Undergrad: 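Here it is, the structure, as structure tokens.
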Amino acid sequence: MDPMIRKLRFRLLAWLRRSRSGPILFLKKFSYKDVKKATDGFHRIVYSNSHGAAYKAKFEGGEVTLVKEARTFDEGKESFYREVQFLGRLHHRHLLALRGFSTGHKRLLVFDNIENGSLKEHFNDPLRTPLNWKARLQIAVGVAAALEYLLLFSNPPVYHVSISSSNIMLDENFTAKLSDVGLLSSVGTYVKMPHSSCSEECMAQECGNIIFQLGVLILELITGQSSEQGSTDLIQWVQGSRLSSSIHMMIDPDLGNNYDSRELKKLLVVARLCIKSKNNPKFPVPQVFRYLQKKVHIPRD
């Protein structure tokens, strides 16, 4: 991490601790029976990955939420409640807010409204109105903003982040919300403060993986293709020597000609750099975020 960014991070965290310390408020314990009923017996699956499944829940009052299986199921209760406490302290416009939890045969986390479903649903469902170019740009910027918060302003930093069209939720205003973040690694062990358990090399690898995922997401937004269906093809395309001449064949047909070609080329530059950063991260997330906001310049590779 850049020394100036590290210094700024520590100062901001100190201020946040002084101004926002205290117990977690307003986290509700949901009845396991009610959650099971709201998810139609855990059959309304939104996405499923190695960390468990996420479900769409429709409660009797009409509210719609996302219910996720906790990754701490095989751990003790203390680990689960620690995860709940940690997630309850994360507050960002582009993170799905935790509303509560439930325990029973499964340990469940109940998150905020997902009125417009997942990004993947908008790509795959022909009955949904296609996302326009401006909305896609806002999703890319929003996800980058959430990553900046998780890596720079969360204490401890969050390195467990999964980014795909399946787990990016859209609220009633089509604001993008990351839904798959946590304090646990993929093998179920707690990620502790980097200075005590993670080397600079380890942090660089984790950040490189996160930036890589952001690059793939940008390709999904441009092409309308799910990375789960053809991520290898998308990556090979953006890394190819004939990228410029083939853009018109890869852009999502739903966009038609309703996009800014200059913005498209800039997005492709970001995607390409992000994907190349997987094994050798050159640009930290804050710099990518600023570039997407058109505040700094990232040179072509």
Side-chain angles (χ1 to χ4, degrees), residues 1 46-52 54 66 68 71 90 92 94-96 118-123 131 136-154 157-170 176-187 191 194 198 201-239 250 267-292 298 301:
M1 185 184 292
V46 177
Y47 64 85
S48 181
N49 56 31
S50 60
H51 311 125
L66 183 78
K68 283 178 55 184
R71 293 181 299 278
L90 296 178
H92 191 275
H94 295 287
L95 289 179
L96 207 58
S118 71
L119 178 59
K120 183 178 179 180
E121 289 177 79
H122 285 268
F123 287 153
L131 295 169
R136 298 181 195 220
L137 286 177
Q138 290 175 337
I139 289 170
V141 173
V143 171
L147 294 177
E148 180 187 48
Y149 168 79
L150 292 170
L151 295 173
L152 197 60
F153 302 119
S154 173
V158 179
Y159 292 104
H160 171 73
V161 185
S162 178
I163 307 166
S164 76
S165 57
S166 296
N167 55 42
I168 292 176
M169 302 297 139
L170 302 174
K177 307 276 186 178
L178 280 180
S179 70
D180 196 354
V181 304
L183 194 59
L184 290 176
S185 70
S186 59
V187 295
V191 177
C198 192
E201 181 181 359
C202 168
M203 286 189 287
Q205 289 175 347
E206 296 289 351
C207 287
N209 182 54
I210 290 171
I211 293 172
F212 173 82
Q213 291 182 71
L214 176 60
V216 174
L217 172 69
I218 291 172
L219 292 182
E220 290 184 90
L221 291 167
I222 292 171
T223 65
Q225 298 179 30
S226 170
S227 62
E228 297 158 9
Q229 297 171 346
S231 60
T232 302
D233 292 339
L234 289 177
I235 292 166
Q236 289 177 346
W237 170 64
V238 80
Q239 291 179 326
M250 294 297 291
L267 267 186
L268 285 170
V269 169
V270 176
R272 188 167 180 155
L273 289 170
C274 287
I275 286 169
K276 289 188 70 173
S277 291
K278 184 173 185 180
N279 298 317
N280 183 26
K282 296 179 180 179
F283 303 100
V285 167
Q287 191 173 349
V288 174
F289 174 45
R290 297 293 179 268
Y291 179 76
L292 290 171
I298 293 181
D301 57 326

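All values derive from a computational prediction rather than experimental measurement. All heavy atoms count here, side chains included; hydrogens, waters and symmetry mates do not.
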Undergrad: How close do Ala176 and Leu170 get, heavy atom to heavy atom, and via which atoms?
TA: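 So the two residues come closest at CA-CD2, 3.9 Å.
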Undergrad: For His160 and Asp180, which heavy atoms make the closest approach, and how far apart are they?
TA: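 For His160 versus Asp180, the nearest heavy atoms are NE2-OD1, 3.7 Å.
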Undergrad: Is there a side chain to side chain contact (heavy atoms under 4.5 Å, CB included) between Glu220 and Phe123 once you walk through the steps?
TA: CA-CA 9 Å; Glu220 290 184 90; Phe123 287 153; 4.2 Å; yes
Undergrad: First locate atom OG of Ser165, then atom NE2 of His122, and finally report the distance between them rounded to the nearest 0.5 Å.
TA: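 Reported to 0.5 Å precision, the distance equals 11.0 Å.
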Undergrad: Please list, chain by chain and in numerical order, all residues satisfying ring pair (Phe, Tyr, Trp, His ring centres under 6.0 Å) with His92, sequence neighbours excluded.
TA: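 Partners of His92 under the ring pair (Phe, Tyr, Trp, His ring centres under 6.0 Å) test: His94, Tyr149.
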Undergrad: What are the two closest non-hydrogen atoms of Lys177 and Leu96, and how far apart are they?
TA: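 For Lys177 versus Leu96, the nearest heavy atoms are CB-CD1, 3.7 Å.
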Undergrad: Would Leu267 and Leu137 count as a side chain to side chain contact (heavy atoms under 4.5 Å, CB included) here? Give the steps.
TA: CA-CA 9 Å; Leu267 267 186; Leu137 286 177; 3.5 Å; yes
Undergrad: List the residues meeting side chain to side chain donor-acceptor pair (under 3.5 Å) with Thr223, not counting sequence neighbours, and say none if there are none.
TA: none
Undergrad: Are the side chain of Lys68 and the backbone N or O of Ser179 linked by a donor-acceptor pair below 3.5 Å?
TA: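 Answer holds: yes.
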Undergrad: Excluding sequence neighbours, so at least two apart, what forms side chain to side chain donor-acceptor pair (under 3.5 Å) with Gln213?
TA: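 Not a single residue meets the side chain to side chain donor-acceptor pair (under 3.5 Å) criterion with Gln213.
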Undergrad: Just so I know, are the side chains of Ser118 and Asn167 near enough to count as touching, which here means a heavy-atom distance under 4.5 Å?
TA: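 With C-beta onward as the side chain, the pair stays apart.
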Undergrad: Could you pull out the closest heavy-atom pair between Gly215 and Cys274, with the gap in Å?
TA: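 Shortest heavy-atom contact: CA-CB, 3.5 Å.
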Undergrad: Dump the intermediate steps for side chain to side chain contact (heavy atoms under 4.5 Å, CB included) on Leu217 and Ser164, then the final yes or no.
TA: CA-CA 6 Å; Leu217 172 69; Ser164 76; over 6 Å; no
Undergrad: Quick one: list whatever passes side-chain contact (heavy atoms from CB on, under 4.5 Å) with Val161, sequence neighbours left out.
TA: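 Partners of Val161 by the side-chain contact (heavy atoms from CB on, under 4.5 Å) criterion, ordered by chain and then number, come out as Leu147, Leu150, Val158, Ile163, Leu178, Val181, Ile210.
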Undergrad: Passes salt bridge (charged side-chain N to carboxylate O under 4.0 Å, His left out), Arg290 versus Glu148? Steps please.
TA: CA-CA 10 Å; Arg290 297 293 179 268; Glu148 180 187 48; 3.1 Å; yes
Undergrad: How close do Ile218 and Ala140 get, counting heavy atoms only, and between which atoms?
TA: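 Closest pair (atom of Ile218, atom of Ala140, distance): CG1-CB, 4.4 Å.
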Undergrad: As an exercise, state the distance from CE of Met169 to CG of Leu95, rounded to the nearest 0.5 Å.
TA: 13.0 Å
Undergrad: Starting at CD1 of Ile275, measure out to CZ of Phe212 and round the result to the nearest 0.5 Å.
TA: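 Ile275 atom CD1 to Phe212 atom CZ measures 5.5 Å (nearest 0.5 Å).
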Undergrad: Minimum heavy-atom separation for Ser166 to Val46, with atom names?
TA: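 Taking Ser166 first and Val46 second, the nearest heavy atoms are O-CG1, 4.2 Å.
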Undergrad: Holding to side-chain contact (heavy atoms from CB on, under 4.5 Å), I want the full list of residues that pass it with Gln138, two or more places apart in sequence or in another chain.
TA: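 With sequence neighbours excluded, Gln138 shows a side-chain contact (heavy atoms from CB on, under 4.5 Å) to Lys134, given in chain and number order.
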Undergrad: Can you pull out every salt bridge (charged side-chain N to carboxylate O under 4.0 Å, His left out) where at least one residue sits in residues 207-217? Sequence neighbours excluded, please.
TA: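 Residue pairs with at least one partner in residues 207-217: there are none.
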Undergrad: What I'd like to find out is whether the side chain of Leu151 reaches to under 4.5 Å of the side chain of Tyr159, using heavy atoms alone.
TA: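 Leu151 reaches Tyr159 side chain to side chain.
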